Amino acid sequence: MADTAWPGPLAALSRLAPRVRRGAALPAALVLLWLAVVDTSLVRTPLLVPLHQVLSSPFVDPDGRQIWAALAASLTRATAGIALGACAGVALGVALGLSRPLQRAIAPTLHGLRQVALFAWIPLLTAWFGTDEVAKVVFISLSAFFPAFLNTEQGVRAIAPAYWETAAVLRLRPWRRVTKMVLPAALPAILIGLEIALLTAWIGTVGAEYAIGVGRGLGSFLVAARELFRMDLVLAGVVALALVGYACNRASRHVFSRIITWRDR
C-alpha cells in the first residue's frame, strides 16, 4: 500500500520541478550578480549594500525588525479593503449584467471612472477622509473594485442563451436563478477578476501607505527607511513586497483552480 500511495504526488512534483527551475533561473542569476559585484566590493556605492546585510536586517537590526509589524498592518489593511471592494464589485457586476436598463444608466459612468489613474484618487480621498485608516481602506477597496466589477459584468453577459432558456423552462425564481445558474456560469470570469483584484489591491495597499505616509505599514516602512537612507531596509522592504505579492498570486491560483477544476483545460 505504501508504494501505491505516492506516485500521484511524486508525479506532480516531477512535473513541477522543471517549471520551478526555469522560474528560479533569473532570480538566481541576479543574486549571483549581486554577490559578484556588491559583496566583493567590485562596485562601492551607498545605493547598493551587501546581500547578507539586506537578508539579516529584519532579524538582527532594531530598525529592521519593525518590518514584521509593518507587514502585519499592511496585510490586515489589505484584507479589509479587498473584502469590501471585491464584494461590491461582484455584486454590482451581477446586477448590471442582469439588467439592461441598469447597465445603460450606470455602466458608462463606471467605465469612465476606471480610466482615472488609480493614484490620482489619493488627493481626493485624503480631502474627504483625511489621512487616517479610512482613506487607505477606501483606496484599497477602489483598487479591488474595478477588476472584480468588470470581469463579473462580462462573465454574466457572456452566459450562453441555453442557460437562460433552461432557467425559463424550469421557472426558477429570480434569487434561485442568480444562485443556481448565473453565479456558477459566470464563476470562471469572477475568479479571474478576483485574482487580478488581489494583486492590484496589494499594490494599492503599499502605494497608499507610501503616498499618505501616516500610520504603520510596509509603505510607511519604506518611507522611513528612505528618509534614514538605510538602503538595506529599503531593499528588505522591496523583497518583502515582492514575496507577499508572489505568494498571494500563487495561493489564489491554487485555490481557484481547485474551485474550478476545468479552468486550466
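These numbers were taken from a predicted model, which means no experiment stands behind them.
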Which heavy-atom pair separates [X] from [Y] by the least distance, and what is that distance?
| X | Y | result |
| --- | --- | --- |
| Ala86 | Leu194 | CB-CD2, 3.7 Å |
| Cys248 | Leu198 | O-CD2, 3.6 Å |
| Ala78 | Thr205 | CB-OG1, 3.3 Å |
| Leu222 | Val234 | CD2-O, 3.4 Å |
| Phe221 | Ala70 | CB-CB, 4.0 Å |

Atom [atom1] of [X] and atom [atom2] of [Y]: how far apart are they, to the nearest 0.5 Å?
| X | Y | atom1 | atom2 | value |
| --- | --- | --- | --- | --- |
| Leu191 | Ser252 | CG | OG | 9.5 Å |
| Ile67 | Ser57 | CD1 | OG | 7.0 Å |
| Arg77 | Ile82 | CZ | CD1 | 12.5 Å |

Is any side-chain heavy atom of [X] less than 4.5 Å from a side-chain heavy atom of [Y]?
| X | Y | value |
| --- | --- | --- |
| Arg65 | Phe59 | no |
| Arg226 | Leu233 | no |
| Val49 | Val54 | yes |
| Trp121 | Thr126 | no |

Is [Y] reachable from [X] through a run of I, L, V, M, F, W or Y residues, each pair having side-chain heavy atoms under 4.5 Å apart?
| X | Y | value |
| --- | --- | --- |
| Val244 | Ile203 | no |
| Leu84 | Ile212 | no |
| Ile122 | Leu113 | yes |
| Leu110 | Leu124 | yes |
| Leu51 | Met231 | yes |

message = So that I can tick it off, tell me whether Lys136 and Glu209 are bridged by a salt bridge, with the cut-off set at under 4.0 angstrom between side-chain N and carboxylate O.
response =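 So Glu209 does not pair with Lys136 through a salt bridge.
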query = By salt bridge (Lys or Arg N to Asp or Glu O under 4.0 Å), which residues pair with Asp61, not counting sequence neighbours?
reply =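 Arg230.
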task = Tell me, please, which residues at least two apart from Arg157 pass side-chain hydrogen bond (donor to acceptor under 3.5 Å, both in side chains).
result =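 Testing Arg157 for side-chain hydrogen bond (donor to acceptor under 3.5 Å, both in side chains), a comparison that skips the adjacent residues, returns none.
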query = Can you name the ring pair (Phe, Tyr, Trp, His ring centres under 6.0 Å) partners of Phe129, sequence neighbours left out?
reply =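 Ring pair (Phe, Tyr, Trp, His ring centres under 6.0 Å) list for Phe129, sorted by chain: empty.
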ask   = Quick check: does any side chain N or O of Ser220 sit under 3.5 Å from a backbone N or O of Arg216, one acting as donor and the other as acceptor?
value =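 Pair absent, no side-chain N/O of Ser220 close to backbone of Arg216.
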query = Sub-3.5 Å donor-acceptor pair from the side chain of Ser99 to the main-chain atoms of Ala95, do we have one?
reply =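 Between the backbone of Ala95 and the side chain of Ser99 there is no qualifying donor-acceptor contact (under 3.5 Å).
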query = Stepwise, does the side-chain contact (heavy atoms from CB on, under 4.5 Å) test hold for Leu183 with Ile190?
reply = CA-CA 8 Å; Leu183 290 179; Ile190 294 173; 4.1 Å; yes
key: Pairs satisfying side-chain hydrogen bond (donor to acceptor under 3.5 Å, both in side chains), at least one member in residues 100-114, at least two apart   =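 Residue pairs with at least one partner in residues 100-114: Arg100-Gln103, Gln103-Glu153, His111-Arg114, His111-Glu153.
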Which pairs would a plain distance check flag for residues 159-181, meaning a side-chain donor or acceptor within less than 3.5 Å of a matching protein atom at least two apart in sequence or in another chain?
from   : atom 1 : to     : atom 2 : distance (Å)
Thr166 : OG1    : Ala162 : O      : 2.8
Thr179 : OG1    : Trp175 : O      : 3.1
Thr179 : OG1    : Arg176 : O      : 3.4

request  = Run the numbers on Trp202 and Tyr246 for ring-ring contact (aromatic ring centres under 6.0 Å, His included), then give the verdict.
outcome  = CA-CA 10 Å; Trp202 175 241; Tyr246 179 78; over 10 Å; no
query = Between Leu218 and Tyr210, is a side-chain contact (heavy atoms from CB on, under 4.5 Å) present by the stated rule, with each step listed?
reply = CA-CA 8 Å; Leu218 193 55; Tyr210 190 91; over 6 Å; no
Listed pairs under 3.5 Å, donor-acceptor, residues 139-151 side chains, sequence neighbours left out:
from   : atom 1 : to     : atom 2 : distance (Å)
Ser141 : OG     : Gly81  : O      : 3.3
Ser141 : OG     : Val137 : O      : 2.8
Ser143 : OG     : Phe139 : O      : 3.0
Asn151 : ND2    : Pro147 : O      : 2.9

